[in-house]
Each structure stands twice: as structure tokens, then as C-alpha cells.
Q: 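What follows is a single structure, and I will ask about it in a moment.
Sequence positions, counted from 1, serve as the residue numbers for this chain. Indexing begins at 1, ligand by ligand and atom by atom, following the structure's order.
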Amino acid sequence: MTWDHLSFPTFNQSCTSLLCRHLSKQLFQQLKSRVTKNGFTLAQAINSGVVNQDSGVGVYAGDAESYHLFNPLFDPIIADYHGFSKTDSHRSDLDLQKLSAPNPDPDGQFILSTRIRVGRNITGLPLGPAITKIQRNLVESQVSGSLRNLTGELAGTYYPLSGMDEAVRSQLIADHFLFKAGDRFLDAAGLNRDWPEGRGIFHNRDKTFLVWVNEEDQLRIISMQQGGDIETVFSRLLKAVVEIEKTVSFMFDSRLGYLTSCPTNLGTAMRASVHIRLPLLADDMPIFKDIADSYHLQIRGIDGEHSESKSGIFDISNKRRLGITEVDCVQDMYDGVVALISREKEL
Ligand code: ADP
Ligand code: DAR
């Protein structure tokens, strides 16, 4: 649908996004004339959820200031999604010793692969929805320059999307290493502007350590490998985050943690996931969803967000990211996966 950006948007009866739930006409009138110092407006923040009425959330921030200037809308959405109230505060904990996650599937009967990622954005710059082309290209050169200095297991090469051979790009996506071209949600948020300029992927030789540059966030720092050795994947990610932060300063808020373009990624900005084969639970989705809900898990398809599962294989990850630590995120996912495997065995 199209929208004039000036009047209160029309929401379908079927719209269930957090935007629909929390944007009243009064709130729209109260906020519609506010503009951040980067020129980012309420209309830009909500456009994705207005144009895509099947959004789950429907809002994006254009900069750190957005989370303050539009907080009468963002705070209720953050509270709703994360269960995080205005008086709650976030804290980080990267201590691997506090994680108890021995491989839950050493025989490889269920877990195909493990992936843990964090989103990061650079201090002092706008977020993706409000960044200019020049600033985005600056991010690419600063981040690729910083990654070039990584050593040992983290050493690798940066591959810009501009000029990338189409067969190579398609294979990287098919193998779950590279992001897909920006979807309609990102497009309506202004995150696909100037695509593919300024975007790219860094990875080591074994593709167990990867960094996406300028997709939904300015960095997606990713550790992944086949199998269920969650502790090794987490350890590699922590090492990478600490190394990169020696040369790149990340946007961090004392209450909201690491700032990201989508409020669902605030706090740790961490999604810890496994691709897991659960064919019997796949035939009993009410039980599957019950277990997922009780362990704060999100069920996704295996080709990323908004995709379907295939032959009983699912992407299972932590839903909570804000108000809990990085260790808690991975523990959430781990404890849920143990419960799912146990139920699958019972079936
Ligand atoms: P995010 O937004 O957290 O980066 P997406 O859902 O967009 O993740 O998925 C990005 C890519 O990562 C997709 O190709 C997806 O299949 C892949 N992926 C996610 N989790 C895993 C996993 N545990 N093992 C292998 N690939 C994964
Ligand atoms: N598709 C948008 C974003 C939801 C969260 N996922 C992100 N940030 N990739 C929606 O509102 O459904």
C-alpha cells in the first residue's frame, strides 16, 4: 500500500504488528513533526510497518536519537517485545565460564549446525535507515580495514557485494553464509538504499567466522559451524567481538545496550541458533510451540527470517535479547534445544 506520510496511516483489520498495537492517532499527532539531527522522522520509522501490514514489529530506528525522540512509541514496543520496562536496565556478560552447554547431540542425530551472531553499529554515525551513501561507504572501509588485521582462526578476506560474481553470491546465500538481497521490510525502512554499494561479507577460510557489513546493521558478527558444539561457537564469537572492539567503537546505550536498527535486536543484539531436525515434533506444532514459548525460543525456517522449514528442519533460537546477558541468550537457546530433543526422543 502507499501512504502520504502526513496523515495517520490506515491499518488493516488483520494487522497484528506491535506498531498497529501501539500507534494511536494521538501519539501520531504528538510525534509526527519530530525530526532527529540526522533528519530522521516518525514517518520513516514506521513506514515499513505501514507498507507491510504483515510485519511482526513494524518500526526501525534511524539513529541513537530515535530511541529517545520517539520513545513514547518505541518504549511500549520494546516493553511488549522484550518484556523490558522503562525502569529495567541491561547488562552485558561475555564470560564463557558461566555457560553450561555441553554438546546436546554429540552423535549428530538432530543438530545440523550452530550459529551465534551479534549486531553492532558504529558510534557517532546514523543507523542504516538514516545513513548517507558516503557514511555507509565509510563504514565499509573502516570495518573491512579493521577486519584485515585479525589473525589466527579469525584471519580472512573481505568480499564487497559490488562486483561479486552472481554464482558465488548465490552459493554463499544457499550455504547460509551470506544475507539475501534486502527484503520488502528492510526496503520500506530505507535499509536497501544504494544496494549493493557499501555492502559485503568478510569470512575466514573455513567460513566459521563471518562478518556482514551494512545489511540490516552495520556489522553482523557471526560464528558458525556444523554440529552442536555450542560452547566452541560462542567462544569464537566472544574472541572476535573483543578483537574487533579494540579498533571499532560500537553504539551502546546504558539502558538499551547495543543499539540496532530494529528494536527486536537491542541489548545483546544476539541470536543464538541451531538448525535442528525435529520431524516428529514438526507433526505436532502445538506441543512444539508450547515448548518454544516456555523456553523463550523463536521458531524460524532454515533460509532465514520469513522462510519455511524444510523436511522437518527448523532454525531454533533465543527470542529474548534485551535485559538478559549474552550468556543468558545462549543458555536460553541451549536449555530449549535440550527440551526439544528430549521431547522428540519421547515421540
Ligand atoms: P539473522 O537475522 O539472525 O542474521 P537470519 O534468520 O536472517 O539470521 O538468517 C541468516 C542466514 O543465516 C540464513 O541463511 C540462515 O539460514 C542462516 N542461519 C541461521 N541460523 C543458522 C544455523 N544455526 N546454522 C546454519 N545457518 C544458519
Ligand atoms: N520484518 C520486520 C522485522 C522483525 C524483526 N526481524 C528483523 N529485525 N530482521 C517485522 O516487523 O516483521
Q: Identify, by atom number and element, the atoms of ligand 1 in contact range of Gly304, meaning under 4.0 Å from any of its heavy atoms.
A: 5 (P), 6 (O), 9 (O), 13 (C), 15 (C), 16 (O)

Q: Answer yes or no: does an N/O atom from Asp54 fall short of 3.5 Å to an N/O atom of ligand 2?
A: no

Q: Any non-hydrogen atom of Trp212 lying under 4.0 Å from ligand 1?
A: yes

Q: So, Gln331 and Asp335: side-chain donor and acceptor under 3.5 Å apart, yes or no?
A: yes

Q: My understanding is that we take every heavy atom of each candidate and find the minimum distance to atom 8 (O) of ligand 1. Doing that for Glu305, His275, His176, Arg271, which one comes out nearest?
A: Arg271

Q: Taking 4.0 Å as the limit for heavy-atom contacts, which would you say applies to Thr264 with ligand 2: side chain only, backbone only, both, or neither?
A: side chain

Q: Between Ser307, Ser273, Cys262, flag the one that comes closest to atom 23 (N) of ligand 1 by a heavy atom.
A: Ser273

Q: Give the numbers and elements of all ligand 1 atoms closer than 4.0 Å to a heavy atom of Asp303.
A: 16 (O)

Q: N/O of Phe177 under 3.5 Å from N/O of ligand 1, yes or no?
A: no

Q: Please report whether ligand 2 has a polar contact with Arg300, defined as an N or O pair separated by less than 3.5 Å (distance criterion only).
A: no

Q: Would you call Arg236 and Asp229 a salt bridge, using N to O less than 4.0 angstrom?
A: no

Q: Would you check whether Cys262 has a nitrogen or oxygen atom less than 3.5 angstrom from a nitrogen or oxygen atom of ligand 2?
A: no

Q: Give the ring-plane orientation class for Phe11 versus Phe8, where under 30° counts as parallel, over 60° as perpendicular and anything between as tilted.
A: perpendicular

Q: Do Arg120's NZ or CZ and the ring of Tyr258 fall within the cation-pi criteria of under 6.0 Å and 45°?
A: yes

Q: Would you check the N or O atoms of Gly56, main chain and side chain alike, for any that come under 3.5 Å of an N or O of ligand 2?
A: yes

Q: With atom 2 (O) of ligand 1 as the reference point, say which of Arg220, Glu216, Lys180 has the nearest heavy atom.
A: Arg220

Q: Specify side chain, backbone, both or neither for Tyr60, according to which of its non-hydrogen atoms lie closer than 4.0 Å to ligand 2.
A: side chain

Q: So if I count the atoms of ligand 2 from 1 in the order they appear, which ones are less than 4.0 Å from some heavy atom of Glu305?
A: 4 (C), 5 (C), 6 (N), 7 (C), 9 (N)

Q: Pull out every atom of ligand 1 sitting under 4.0 Å from any heavy atom of Met224, numbered as shown with elements.
A: 25 (C), 26 (N)

Q: At a 4.0 Å threshold, what atoms of ligand 2 neighbour a non-hydrogen atom of Phe185?
A: 1 (N)

Q: Counting C-beta onward and ignoring hydrogens, is there a side-chain heavy-atom pair between Phe185 and Glu216 closer than 4.5 Å?
A: no

Q: For Arg117, counting its heavy atoms only, list the atoms of ligand 1 lying under 4.0 Å from any of them.
A: 1 (P), 2 (O), 3 (O), 4 (O)

Q: To check your reading of the model: name the closest protein heavy atom to atom 6 (O) of ligand 1, its residue, and the distance in Å.
A: Arg300 NH1, 2.4 Å

Q: Among all protein heavy atoms in this structure, tell me which lies nearest to atom 24 (N) of ligand 1, with the distance rounded to 0.1 Å.
A: Ser113 OG, 2.7 Å

Q: Considering the heavy atoms of Val57, write down every atom of ligand 2 situated less than 4.0 Å from one of them.
A: 10 (C), 11 (O), 12 (O)

Q: Any atom of ligand 2 sitting under 4.0 Å from a heavy atom of Gly58?
A: yes

Q: Less than 6.0 angstrom from the centroid, inside 45 degrees of the normal: does Arg271 satisfy that with respect to the ring of Trp212?
A: no

Q: For residues 319-326, please give each side-chain donor-acceptor pair under 3.5 Å, one per line with the distance, not counting sequence neighbours.
A:
unit_1 : atom_1 : unit_2 : atom_2 : d
Arg320 : NE     : Asp332 : OD2    : 3.0
Arg320 : NH2    : Asp332 : OD1    : 3.0
Arg320 : NH2    : Asp332 : OD2    : 3.2
Arg321 : NE     : Thr264 : O      : 3.1
Arg321 : NE     : Asn265 : OD1    : 3.1
Arg321 : NH1    : Met270 : O      : 3.2
Arg321 : NH1    : Asn318 : O      : 3.0
Thr325 : OG1    : Val327 : N      : 3.3
Thr325 : OG1    : Asp328 : N      : 3.0
Thr325 : OG1    : Asp328 : OD1    : 3.4
Thr325 : OG1    : Asp328 : OD2    : 3.1
Glu326 : OE1    : Ser92  : OG     : 3.0
Glu326 : OE1    : Asp93  : N      : 2.8
Glu326 : OE2    : Ser92  : OG     : 2.9

Q: Compute whether any side-chain donor of one residue and acceptor of the other, for Ser146 and Gln142, lie under 3.5 angstrom apart.
A: no

